[in-house]
Structures are given as C-alpha cells and as structure tokens.
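Encoded as structure tokens, the structure appears first; notes follow it.
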Amino acid sequence: FLRTLRSKNDVTKALDVLKEAFDFRKAKGVWDLTEASFSDEIKAKNGLYYKGKDKQGFKVLYVDVSANTAKTEEEKEAMRKFVAYTCESHHRENPCEMVTVVFDMHKATTLTFSKEMSTYFTTCFSTYFPGFLAYMVNYEMPMVLGAIWKVVSSFLNSDQRAKVLQVGKSKIGNYLPEDNLWDHMK
C-alpha cells in the first residue's frame, strides 16, 4: 500500500488506503464471494475475464464495456460484486502482480456505456485494489463517449491519468501481442 499512487510512500496515506480497501471488502462481503456467488447470466455476458499477457508481461483483464450493463439496482450490485470478485481473485493468487486492463469500447454506445460502472472500475483501481493496475487501455472509444470519459477521468489524479491510454486498432498492437488480440482488433 506504500507504493500506490495515492500514498506515494507516505505511511499515513498508505494506512488510509489500507483502511478504505478493507472497509470496502467487508461492506461488499468480498472475502466470502466465490464463483458460485454469481448467476449464470452474469458469467454468460463474458464481459470481464483474464486473457493472456501484454507485451510487458502483465496479465490482461478484458472488459467488454457493452456487456457490463445492468438495469436494476440488484443487477448493478451483482455486477459491482463480480468486478470486485474478479480483482480480488487475482490479488489473492498474485498479490504483487499488477494487471493491464483493456476496456474494449468498440461496440459501446451511449446506451451500453455506464458512467456509473466506469466510475466504479476507476475507484476499484485507485482505492479498493490500489496496487492492481499496471495501466489501462481504452480501446476504440467512440467520440460521443469522450465527454463522459472526461467526467470519469476527473476523479483521477495526474499520476493515475498517466496510466490511461486511448488507443485504436492501429495502436493496440503496441501493447498486446498479436496472439493475444481479439479478432476485431486485428
């Protein structure tokens, strides 16, 4: 927790980050979650999973933005818990290993993009799982979502914003090896 962007080797700030992370895990019951905690519907969306490694050797967490939508508050809470479970599972298995998060927005529209879920992801990486993020790749962000992203990114400090890359099809190969690209990225 000392190496996080929020604490920057300040012990007092690191303790604050640690307390927030533990409070979050307790409030969401993260330590009690298992794969069986989630409906087949959430898992079938196939909108959040790990796939291979990037060119720097970091594990890749793939997020299909268009698949991570929910209508009711119950569905939203289930999605938030699934995100927390997915991050926590990696953290338990590899506590010192960061990941690259690919937000695939190639099918995203204003109807499928959730500002609330994007803010939640951002909070997870900056607060609840602070040593988790190597960097984030926003792939093929539609121009219409650029304004929404400006609001979401306003929650990030300058160091955190430096970890966010906006890339399209022509640049994704700079970060992910050819054999780890999805068909629509080739």
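Values reported hereafter were calculated over all heavy atoms of this structure, with side chains retained and with hydrogens, waters and symmetry mates removed.
Contact of the L18 side chain with the K13 side chain is not registered, since no non-hydrogen atoms from C-beta on lie closer than 4.5 Å. For the pair M105 and M141, the minimum side-chain heavy-atom distance is below 4.5 Å. Side-chain contact check for D54 versus Y135: some heavy-atom pair is nearer than 4.5 Å. For the pair H90 and V99, the minimum side-chain heavy-atom distance is below 4.5 Å. Counting heavy atoms from C-beta outward, K51 and N180 have side chains that approach closer than 4.5 Å. Residues Y139 and H106 are in side-chain contact: their nearest non-hydrogen atoms beyond the backbone lie under 4.5 Å apart.
Around CD of E74, the count of heavy atoms belonging to other residues, nucleotides or ligands within 6.0 Å does not exceed 12. Summarising the local packing, NZ of K43 is surrounded by more than 12 heavy atoms from other residues, nucleotides or ligands at distances under 6.0 Å.
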inquiry  = Could you go through N138 and V167, starting from their C-alpha distance and side-chain angles, then the distance that decides it, and tell me whether this counts as side-chain contact (heavy atoms from CB on, under 4.5 Å)?
reply    = CA-CA 6 Å; N138 287 335; V167 302; over 6 Å; no
request  = Please step through side-chain contact (heavy atoms from CB on, under 4.5 Å) for the pair Y128 and F22, ending with a clear verdict.
outcome  = CA-CA 8 Å; Y128 307 142; F22 283 163; over 6 Å; no
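Of all heavy-atom pairs spanning A84 and F129, the tightest one is O-CZ, 3.6 Å. Annotation for K71 and E75: closest pair N-OE1, 2.7 Å, computed over non-hydrogen atoms. The two atoms that bring Y175 and L165 nearest to each other are CE2-CD1, 3.4 Å, heavy atoms only.
Taking Y120 as the reference, nothing meets the side-chain hydrogen bond (donor to acceptor under 3.5 Å, both in side chains) condition, with sequence neighbours excluded. Contacts of T34 classified as side-chain contact (heavy atoms from CB on, under 4.5 Å), with partners at least two apart in sequence or in another chain: A36, S37. The ring-ring contact (aromatic ring centres under 6.0 Å, His included) check on F103 picks up F121, with sequence neighbours excluded. The side-chain contact (heavy atoms from CB on, under 4.5 Å) check on S89 picks up Y85, with sequence neighbours excluded. With sequence neighbours excluded, the residues that form a salt bridge (charged side-chain N to carboxylate O under 4.0 Å, His left out) with E88 are R25, R92. Applying the side-chain hydrogen bond (donor to acceptor under 3.5 Å, both in side chains) test to D23 and every residue at least two apart in sequence or in another chain returns K19. The side-chain hydrogen bond (donor to acceptor under 3.5 Å, both in side chains) check on E77 picks up K28, R80, with sequence neighbours excluded. Looking at residues two or more places apart in sequence or on another chain, you find a side-chain hydrogen bond (donor to acceptor under 3.5 Å, both in side chains) between Y49 and W182.
Going from atom CZ of F82 over to atom CD1 of I42 covers 7.0 Å, rounded to the nearest 0.5 Å. In this structure, CE on M79 lies 13.5 Å from NZ on K81, to the nearest 0.5 angstrom. To the nearest 0.5 angstrom, Q56 atom CD is 8.5 Å from M98 atom CE. The CE atom of M185 sits 13.0 Å away from the OG atom of S170 when rounded to the nearest 0.5 Å.
Between H91 and F132, the distance separating the two ring centers is not shorter than 6.0 angstrom.
Within the structure, every pair that satisfies the salt bridge (charged side-chain N to carboxylate O under 4.0 Å, His left out) test and touches residues 164-186, not counting sequence neighbours, is listed here: D183-K186.
The residue from N174, I172, V101, L176 that alone fulfils the side-chain contact (heavy atoms from CB on, under 4.5 Å) condition with V137 is I172.
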Would you mind writing out the side-chain donor-acceptor pairs for residues 57-65 within the sub-3.5 Å range, not counting sequence neighbours?
residue	atom	partner	partner atom	Å
Y62	OH	D104	OD2	2.6
D64	OD1	S66	N	3.1
D64	OD1	S66	OG	2.7

